[in-house]
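For reference, the structure discussed in these notes is given below.
Just so we're on the same page: letters track the sequence lines, and every chain starts at 1.
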2 protein chains.
Amino acid sequence: MPRVKLADVARAAKVHPGTASRALSPGQSGQVSPQTVARVVRAAERLGYVPNAQARALRTARSHLVGIVVPDITNPLFPPIVRGAEHVLTAAGYTVLLTDTDNDRERERRQIESLRGRGVDGFIIATAQWEDPLLTDLASAGVPVVLANRSTSCSRWPYVGGDEQAGVRLAVQYLVGLGHRAIVHLAGPQNVSTGRDRVRAFRAAAKEFGLTTADARVTVCQAYSEAQGKAAMRRALRAPRARVTGVVAGNDLIALGALDALAEAGLDCPGDVSVVGFNDMPFVDRIQPALTTVRLPLERMGGLAADLLITELESEGTQDAPTRALLGVDLVVRGSTAPPPRQRARRR
Amino acid sequence: MPRVKLADVARAAKVHPGTASRALSPGQSGQVSPQTVARVVRAAERLGYVPNAQARALRTARSHLVGIVVPDITNPLFPPIVRGAEHVLTAAGYTVLLTDTDNDRERERRQIESLRGRGVDGFIIATAQWEDPLLTDLASAGVPVVLANRSTSCSRWPYVGGDEQAGVRLAVQYLVGLGHRAIVHLAGPQNVSTGRDRVRAFRAAAKEFGLTTADARVTVCQAYSEAQGKAAMRRALRAPRARVTGVVAGNDLIALGALDALAEAGLDCPGDVSVVGFNDMPFVDRIQPALTTVRLPLERMGGLAADLLITELESEGTQDAPTRALLGVDLVVRGSTAPPPRQRARRR
DNA sequence: AGATTCACCACAATCGGTTGCGGTCGATAG
DNA sequence: CTATCGACCGCAACCGATTGTGGTGAATCT
């Protein structure tokens, strides 16, 4: 029942525990004769030796633990990121400590503190806010951090996300190509980078494609939720001199809410109003109407974040400027977009 | 930069590290005078002391780490379970190590081994197969395990899942009540308990409601996937003397596949065939037609699994028979079910 | 006053690996 | 044949917290 420890292996191989340790550690096995290494390895396998990670971590001050912090694992955006990160981390010998902050900053602070107490080597954080004191605390404590999906105002951390700018541009371009001119952006919350980046990109794209500021309006949602999306869409429809045939939603949940609001107002999608989402959540291809949306390579995002963190952990000191990776996105055209009413799509 | 350790606190409070340890540990603080406790606590707070969990775990042989093993975190069934478990675990001072086996047994074996090396106190396992050597290995090593969502042929582990029996019965009862008699069950894989339990329940319910074996057929899918569901539905439609107006799917993914196969065959749902799913995955209320399905209290399931594990961990030895909790389920009636064609719903 | 008890705290061993240092031994050079 | 060198391995300290044991002093009892 008691686990087999290094001393047991050493005894079986008739060597000192220290020697056994060197024999089993790839880097140091040059210090030991090949025969001895073989003997120790064989004994270890025979006894089913699994090193005690706690003891090793205590001595080496490297736990090979990585904390992944997400706001809500139930939000379909995050599981693929976690999955991608976990795959590369485990392949590299790391183990992931997952924590769900429940969108609660205080809880997040406690969780991070607790994970630090557990001696994690670094964090992958998908909850970054635009101004984030928790992150600056971590930075001043010298804890390696990689940001995924959401960035901050300050670019001192490595970051991997989607190319928001390109995604929004694709959406606007597509709507304009269909003939839309009155397009509203139901923006996500402005305290996270995706929310901010997307409105900035929306304004830039509007300008690029010759939409006036009266044509291209913005309403912001307090959260990435269906309820907020519905409320925002209502506001957009009720606005004075309202005129909207196209909607670029801050994400798919907001888009779903927008669809509700449109149905409520007796408007048909895509007959009267076209809607473009963001993220390509699972099953949005099966809703009615199938949602046109921007697809992000989430799993790859998580994997790359893990790669960045690992290189940071194993380069030990050599600090170059933090990488910022923007992954390419695709516009997935489905049923929720069509030419605006009483107007044919223009030819190029 | 170096973390503040117990010795630092002890020095600041002018006591021996051992005394400081007792002062800070709630159970032992009776061994220390109240004034000293206060001094130590104050010093600890002032210095921002966070105990080194590795060292503590090494000494006490209790890591307060719990491994959660899921087949695929991307499957919407599992995030709520993980979330529920994580909430109660962190509240109790435990940290969760998440691992995604990717439905690969060999990978699962390695992951579990690795987590054991990390000294986890126990596991919550959501990947159990009907016959599961990995679990018997854990049992013989004396590792506490709680099964969630899926059980095994042998009931030696505590288990918390949904009341499959009741769920399937509700589905059959509802279809029969609408007037359906030719009902097919597109069963899930038979190497996991949910798949087996649901066909057993289907047969029992069919008998209870007076369906003949020709009326109530079963086709099994190799996996819980849309592709398998579609293939199974095709088989069911093509079967000799096929006659089917009602479908009880092994889960929602299978139901989605079934909908595809029905559309492909030119059959309308619910006009020609009614479909009932299982799990109530997010957004199945928004697909076309909105899916009637059985809802499981997944988050509660995870939470309860965590509770069981914690009591097992903290009872230390007192082994009573393992609890088996079957959580109540609901039938959520939506658009994919209607009376069968050429027949009115019978009055009760 | 002297013996005894009790509260409080210091000491040191311990958990299981890792690693700097030094010792032994055979081989090679001188 | 002896001095030198290097390969190989043993020894013991160490990481940071916990805990059994024992010692000191004051308080209590006789």
Side-chain angles (χ1 to χ4, degrees), chain A residues 1-41 43-44 47-65 93 114 116-121, chain B residues 1-41 43-44 47-65 93 114 116-121:
Chain A
M1 189 86 93
R3 290 261 304 280
V4 25
K5 60 185 71 167
L6 185 59
D8 301 326
V9 175
R11 200 173 317 116
K14 304 199 188 307
V15 293
H16 188 272
T19 306
S21 171
R22 281 184 244 261
L24 293 175
S25 104
Q28 305 250 323
S29 57
Q31 309 285 325
V32 182
S33 79
Q35 304 93 300
T36 309
V37 169
R39 231 177 41 247
V40 173
V41 168
L47 300 181
Y49 171 64
V50 180
N52 181 323
Q54 320 261 9
R56 174 181 299 179
L58 179 58
R59 176 64 222 245
T60 62
R62 294 286 317 278
S63 64
H64 289 267
L65 250 32
S114 152
R116 287 198 55 206
R118 295 229 108 93
V120 298
D121 290 340
Chain B
M1 192 84 93
R3 289 259 304 279
V4 24
K5 61 184 73 168
L6 186 59
D8 301 325
V9 175
R11 202 173 317 116
K14 304 200 188 307
V15 293
H16 188 273
T19 306
S21 172
R22 282 184 242 261
L24 293 177
S25 110
Q28 306 249 326
S29 55
Q31 309 285 328
V32 183
S33 78
Q35 304 93 302
T36 309
V37 170
R39 233 178 38 248
V40 172
V41 168
L47 299 180
Y49 171 65
V50 180
N52 182 323
Q54 320 262 6
R56 172 181 302 180
L58 179 58
R59 176 63 224 248
T60 62
R62 293 286 318 279
S63 64
H64 288 265
L65 250 32
S114 152
R116 287 198 55 207
R118 294 229 108 95
V120 298
D121 291 339

With B for base contact, S for sugar-phosphate-only contact and - for none (protein heavy atoms under 4.0 Å), nucleotides 22-28 of chain D reads -------
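- Straight-line distance from the CG atom of A/Leu6 to the P atom of D/dC15: 19 Å, rounded to whole Å.
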Below 3.5 Å between N/O atoms, which protein atoms pair up with nucleotides 22-26 of chain C? Just atom names and distances, please.
none

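- Applying the side chain to side chain contact (heavy atoms under 4.5 Å, CB included) criterion to B/Val4, with sequence neighbours excluded, gives B/Asp8, B/Val9, B/Leu47, B/Tyr49.
- Under the side chain to side chain donor-acceptor pair (under 3.5 Å) criterion, A/Thr19 pairs with no residue at all, not counting sequence neighbours.
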Only pairs under 3.5 Å count here: list side-chain donor-acceptor contacts from residues 53-60 of chain A, not counting sequence neighbours, and write none if there are none.
{"from": "A/Gln54", "atom 1": "NE2", "to": "B/Arg118", "atom 2": "O", "distance (Å)": "2.8"}
{"from": "A/Thr60", "atom 1": "OG1", "to": "A/Arg56", "atom 2": "O", "distance (Å)": "2.8"}
{"from": "A/Thr60", "atom 1": "OG1", "to": "A/Arg62", "atom 2": "N", "distance (Å)": "3.3"}
{"from": "A/Thr60", "atom 1": "OG1", "to": "A/Arg62", "atom 2": "O", "distance (Å)": "3.4"}

Under 3.5 Å, which protein N or O atoms sit close to an N or O of nucleotides 11-14 of chain C? Give each pair with its distance.
{"from": "C/dT14", "atom 1": "O2", "to": "B/Arg59", "atom 2": "NH1", "distance (Å)": "2.9"}

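- Atom NZ of B/Lys5 and atom P of D/dC14 are 12 Å apart (whole Å).
- If you measure from atom CD of A/Gln35 to atom P of D/dC9, you get 8 Å, rounded to the nearest angstrom.
- The side chain of B/Arg56 approaches D/dA17 more closely than any other nucleotide in the set C/dG16, D/dC8, D/dA17.
- What you find for B/Ser63 and B/Gly119 is that their closest heavy atoms are OG-O, 2.5 Å.
- Judged as a side chain to side chain contact (heavy atoms under 4.5 Å, CB included), and not counting sequence neighbours, A/Ala61 has no contacts.
- Using a 4.5 Å heavy-atom threshold, the side chains of B/Val50 and B/Arg3 count as touching.
- Taking NZ of A/Lys14 as the reference point, atom CZ of A/Arg39 lies at 9.0 Å (rounded to 0.5 Å).
- Axis angle across the helix from C/dA1-D/dT30 to C/dG30-D/dC1, with five pairs used at each end and values rounded to 10°: 60°.
- The side chain of A/Val15 sits closest to D/dG10 out of C/dT18, D/dG10, D/dT18.
- Rounded to an integer number of Å, the gap from B/Gln54 CD to D/dT18 C1' is 16 Å.
- If you take CZ of B/Arg62 and C1' of D/dT19, they are 16 Å apart, rounded to a whole angstrom.
- Qualifying side chain to side chain donor-acceptor pair (under 3.5 Å) partners for A/Ser114, counting only residues two or more places apart in sequence or in other chains: none.
- We find that CZ of B/Arg11 is positioned 14 Å from P of C/dA10, with the value rounded to whole Å.
- Residue A/Leu58 contributes atom CG, which lies 14 Å from atom P of D/dC14 at whole-angstrom precision.
- For the pair B/Val15 and B/Val32, the minimum side-chain heavy-atom distance is 4.5 Å or more.
- Contact check, B/Ser33 against C/dC9: a side-chain N or O comes under 4.0 Å of OP1 or OP2.
- Of the candidate nucleotides D/dT19, C/dG16, D/dC8, D/dT19 has the atom lying nearest to any side-chain atom of B/Thr60.
- Contact record, A/Ser21 with A/Leu6: CB-CD2, 3.8 Å, taken as the closest heavy-atom pair.
- Residues B/Leu65 and B/Asp121 have side chains not in contact (no heavy-atom distance under 4.5 Å, counting atoms from C-beta outward).
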